Structures are given as structure tokens and as C-alpha cells.
Amino acid sequence: MSISMLDKLLAPGGLRCYAQPIVHVCGNNCAVASVECLTRGPQGTPFESPGVLFDYARRKVAESTVDRMAVATALASVQSLPGNLGISVNVHASTLGRDAMFVDFLTETARQHGIELFRLTVEVVEHSPVWNATEFLRSLRLMRKLGIRVALDDVGTGQSNYRMILDAEPDCFKIDSYLVQKAHTDYKRRAMLASIVQLARDLGSSVVAEGVEMAADLEVVLDLGITLIQGYIFSRPLPVSKLSPIIANINALPVPSSGRTLPFQRIHAAGDHIPQAVHQFERSAAVLIPNREIG
Amino acid sequence: MPRLLVIDDDADLRTAVAEYLLSLGYEVDQAAEREEAEALLEHYAYSLVITDISLTELGVEGFDLLKTISNSNARPKLIVMSGYSGPGHRERARQCGADVFLQKPTSLVTLGEVVRTCLSLPGEQKEL
């Protein structure tokens with residue numbers, strides 16, 4: 001019996017944690033407020049991509065199992081980061097709806113790694129419109145009671161819709177990069193962003209703009225009043241071990257005004273920060289087995 | 001170079017096929033089960049898929065997977081390898097979108113030739 005991909009993912013070292021800073025831009029200053037933990041599968045395989053990894057997990061109806069392993073990997077990885085940084089982890093809504101013990105698992109894992117619960121934000125992601133609403137909402141209430149914040153991921157796309165906003169009452173809206181990127185050239189995207197910002201204000205939620213890569217798009221979201229920024233313009237996702245100098249560099253950067261000389265060049269000059277594709281498959285040397293019979 | 005997907009629940013066989021195709025210069029991914037194959041097909045555009053349809057993991061769903069592959073947006077060329085050789089089996093594979101039906105046992109060299117030929121041809125149905 002061969003080992004399934006799920007077994008490989010759940011084996012020690014099967015999942016790896018990358019982290020990406022979420023930067024608070026205030027006046028002329030930048031400060032890393034938190035990091036989002038992002039899961040990667042086995043290096044050198046197509047499952048290194050989180051898209052493929054979690055697509056597979058959902059097809060196996062194993063979101064809860066993989067989410068638990070991802071959270072455990074993430075919290076073990078970020079325990080060395082400064083205690084003033086928030087920590088975001090992604091969790092499927094279906095996990096919160098099906099796994100009645102998930103919140104207990106999360107809090108116990110955080111305790112094991114010395115991470116205080118008020119630092120945690122659970123980013124709710126969902127790719128299926130059907131979940132156990134009662135259990136899901138119970139999990140959210142329990143997390144809030146413990147001081148864990150709730151963010152709604154991918155707002156503006158997929159299942160992160162108005163119903164989810166009403167039900168989840170998120171502390172934070174994370175606006176999907178689809179709406180953010182090219183906003184500087186697309187009035188429709190700007191209109192939608194403005195609408196979401198207004199909705200978040202009315203509901204008392206904070207807003208993070210995800211996927212900010214271009215200076216012009218940064219200018220748009222700042223002008224709309226979004227002050228929490230995540231994207232390649234500050235840092236691509238990195239192994240946590242490489243994050244500290246990047247955080248120090250971002251914290252030292254001024255935010256330019258209308259001139260918009262953005263931090264991109266300076267970050268590049270700091271080294272080890274050139275955006276590049278995540279998927280770089282390293283293949284072992286192929287073994288030629290001429291005329292070997294198959295089957 | 002074309003990107004290929006090899007689907008088989010026999011790890012030794014799958015690895016041998018994948019490594020031989022790698023040695024020919026193709027980029028090759030592997031899947032051992034239906035969900036793994038579907039997740040890869042959803043996210044990557046393959047030029048050609050080689051699959052066994054008598055997979056223990058897949059069972060009767062093997063033919064459904066063929067339909068999924070042949071109906072995907074990228075519509076890769078599709079080579080079916082099977083130890084079953086009956087005309088009904090071949091015909092069902094053809095109806096499910098297989099471009100080539102390759103009966104086991106066969107050699108890696110033969111498979112390599114079939115892959116090369118299949119990639120060079122437009123989507124005609126072919127039986128070897």
C-alpha cells in the first residue's frame with residue numbers, strides 16, 4: 001500500500017510555514033502590526049502551492065485535519081517572533097463548523113508555544129457554501145470570548161459574501177487581491193473597495209488590503225482610508241527564519257506622500273527580498289530504465 | 001517543455017514512468033489517487049495525462065476521472081494504460097475521452113514513443 005499524499009502532508013515536515021507581514025501605515029510611518037502564516041506543502045512538489053494543497057484537502061474532506069496540522073506548524077514556527085506582533089492563521093469555515101474541538105486545540109497549541117491568545121487572529125476561509133452554521137457560530141463566539149480575533153479572508157470573492165459577513169461579524173475584513181490589484185486604473189474596483197471600506201466602518205471592523213504590489217494601488221487604498229497593507233510591495237511570504245530583518249527594514253521605512261517613491265527599491269537593496277514565483281520545482285535526476293516492462 | 005501528469009496507484013510503476021519521462025526532458029507530476037489528480041488538473045495545464053483506469057484507489061471511478069480530464073479546460077491528450085484488453089474496455093475508455101489506449105504490459109521505450117507521437121498529433125482518437 002503506497003503512502004497517500006494526505007499521509008505525506010500530515011507527516012512531520014510535510015507542511016511548512018511561511019509568513020507575510022501586515023503593515024500598519026500611519027502618516028509617514030510604517031510598522032509591521034502582524035504576520036499572516038501561510039502554509040506550504042512538501043518542497044519540490046506541486047503541493048508546495050497552497051492552492052493545490054488545500055484544494056486537495058477539501059476534495060479529501062480533510063480540511064479539519066490539515067488545518068490542525070497547519071496551525072500547529074505555524075504556531076511552532078512563529079513562537080520566536082516578538083511578542084508585540086499579531087499572528088494570523090487561516091482556518092476553513094468548514095473546520096470551525098465540523099470540528100467541535102478545534103478551538104480547544106488552537107488554544108492549547110498556542111499555550112504550548114507561549115503565544116498569548118490576544119495576539120491571534122483566525123482568518124476564516126471558505127470554499128463551500130454549506131457548513132454547519134450552529135457549530136461555526138459557536139466556535140466564533142468561543143474564540144472571541146478567549147480574546148482571539150476573527151477576520152474574514154478573501155472579502156469580495158468566493159464565499160466571503162454578505163451572508164458570511166452578517167453571520168461571522170468579523171473583526172477584520174481582508175479584501176481580496178482581485179479587487180486591490182489594478183485599482184488605480186479601474187474605477188469599478190475603486191468603487192467596490194470604497195463600498196467595502198464603508199461597510200466595515202459601519203460594522204466596526206478593520207480592513208486589510210491584500211495583494212498590494214504596485215505603488216499606484218497602494219496610493220489608492222491609502223486614499224480610501226485603508227491603513228493595514230499586505231503584499232509584495234512590503235514583503236513576499238518568507239520562511240519565518242528570514243522574517244526578522246525584513247520586519248526591521250519595513251519598520252524603518254517612511255511612507256512617501258504624493259511623490260510615491262515606495263519602499264520597493266529599498267527593500268530590494270536589503271537583499272533576500274526579490275519577489276519571485278513560489279513554485280520552483282526541483283527534480284531529482286531521472287533514472288533511465290530502458291525497455292523495462294510496465295505492469 | 002510539455003508538462004505531463006502520470007496517475008497510478010502503484011508507486012513503483014508510477015515513479016518508473018515519471019522518471020523515464022523526466023529523462024526524456026518532459027516536466028512530470030505524479031498522482032496516486034483521484035483527489036490528488038483532480039487538484040493538480042485544477043491548478044496546472046497539462047499537455048498530456050497518462051492514467052491507469054484499474055486503480056485500486058479509483059475503482060469504477062477511473063472512467064469518471066477520464067471524463068473529468070477530457071472535459072477540463074486545458075483538455076490534455078489522454079493516454080490510458082490498462083491490463084484489461086477487451087474491446088468493451090477500450091471502447092469505454094475511448095468514449096470517456098482517451099486518445100490512446102495502451103495495453104499493459106508495455107515498455108517504457110514504447111510509452112515514450114507513444115507520448116511523443118500523441119503530443120505531436122491533433123486530438124485524433126488512436127488505438128495501439
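All of these numbers come straight from a predicted model, not from anything done at the bench. Residue numbering restarts at 1 for every chain, and letters A, B, ... go by the order of the sequence lines.
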Take atom OH in A:Y178; do more than 12 heavy atoms of anything else shown fall under 6.0 Å from it?
no

Show the nearest heavy-atom pair for residues B:A39 and A:V52, with the distance to one decimal.
CB-O, 4.0 Å

Qualifying residues under side chain to side chain donor-acceptor pair (under 3.5 Å), relative to A:D67, sequence neighbours excluded:
A:H92, A:T95

Which atom pair, heavy atoms only, marks the closest approach of A:F47 to B:E36?
CZ-CG, 3.3 Å

For the atom pair CD (B:E35) and CE (A:M5), what is the distance rounded to the nearest 0.5 Å?
12.5 Å

To the nearest 0.5 angstrom, please state how far the NZ atom of A:K60 sits from the CD atom of B:E33.
3.5 Å

In the structure I gave you, are the side-chain heavy atoms of B:H43 and A:P46 within less than 4.5 Å of one another anywhere?
no

